[in-house]
2 protein chains.
Amino acid sequence: MDAVFHALGDATRRRMLADLANGERTVSQLAEPYAMSLAAASKHIKTLENAGLIRREVRGRTHLCRLDPGPLAQAHQWLGFYERFWTSRLDALERLLREEDAAANVTNTRDGDPR
Amino acid sequence: MDAVFHALGDATRRRMLADLANGERTVSQLAEPYAMSLAAASKHIKTLENAGLIRREVRGRTHLCRLDPGPLAQAHQWLGFYERFWTSRLDALERLLREEDAAANVTNTRDGDPR
DNA sequence: ACAATTCTCAACCAGATGGTTGACTATTAT
DNA sequence: ATAATAGTCAACCATCTGGTTGAGAATTGT
């Protein structure tokens, strides 16, 4: 999870993923849009690969990359936990109540502290 | 977006967010579970704040932190773009077709290259 | 056989990151 | 007034990050 979010925390790598959403790409194809050396782009690709976000198929001298959506799904699910904080008015009410609770607790004891 | 994903790419900060999902917390309360100095935890909190993930209300000498779900929603939405890659069988079929397309294109011209 | 293409690797560099400690400000309690 | 509490700030340090260049490996084209 660390590796996934870290990989996503770079615009270049996010654009590479977006590119891969349109189909397989070789390393050079992925690198082409960027004003950096091939070696630098290759490092980005390796970062994505280490995070499990892409898989690589070596075909002769070219490396074909494809998206692996698994970790993206995990990250999406992780963020989904917080969905209740931004969605409905009903949740806004719940949040309000919960926060009043929390405020009451904060002035006395921490949540979960033994009495 | 860079800042958001970067902030999420650290387990300590993710745990702090999870803590804040249960209600407001002061800086010391957020820092308490971790084996690091208060100053170090304070830096993490500032990182979260700079990413817009939390807001801070200074109340006397204590700083009360609350979750701001906005950026989380954005990140969730960004990931949602890739939902079709991991969800239904129907999408799996679409993906297959799209990838055959892509494969055909790759052997000839890049997507979007002028003819 | 030779040359060109694709890509990785290693060494190097500047700057960011995550941690420390010590000093400091501001508020609250005695 | 003094002391304790909550928190930041600045300096410092080791390590990671994102880029470079140069060399080399592996495959493909002539």
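Side chains included, hydrogens not; waters and symmetry mates left out as well; all remaining heavy atoms used. Predicted model only: the values in this text are computed from it and were never measured.
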Specify the separation, in whole Å, of atom CZ of A:Arg14 and atom P of D:dG18.
12 Å
Check: A:Arg13 side chain, A:Ala7 main-chain N or O, donor-acceptor pair, under 3.5 Å:
yes
Both A:Leu38 and A:Arg59 contact DNA chain D. Taking the nearest nucleotide for each, which residue is further toward the 5' end?
A:Leu38
Pick the closest DNA chain D nucleotide for B:His63 and for A:Ala40 by heavy atoms, then say which residue is nearer the 5' end.
B:His63
Under 3.5 Å: donor-acceptor pair, side chain of A:Arg14, backbone of A:Leu8:
yes
Expressed as a whole number of angstroms, how long is the span from A:Lys46:NZ to D:dC16:C1'?
16 Å
Selected nucleotide, minimal atom distance to B:Lys43 side chain, candidates D:dT20, C:dT21, D:dA11:
D:dA11
Touch class at under 4.0 angstrom, heavy-atom based, for B:Arg13 against every strand present:
sugar-phosphate
Grab the CD1-C1' distance between B:Ile45 and C:dG18 for me, whole Å please.
14 Å
Give B:Thr62 one of three labels, base, sugar-phosphate or nothing, depending on what nucleic acid heavy atoms sit under 4.0 Å from its own.
sugar-phosphate
Least distance between heavy atoms, A:Tyr82 atom then A:Trp86 atom
O-CE3, 3.2 Å
Separation of D:dT17 C1' from A:His44 NE2 (nearest whole Å):
9 Å
Any B:His44 side-chain heavy atom under 4.5 Å of B:Tyr34 side chain:
no
Can you find an N or O donor on one side and an acceptor on the other, under 3.5 Å apart, linking the side chain of A:Arg61 with the base of C:dT6?
no
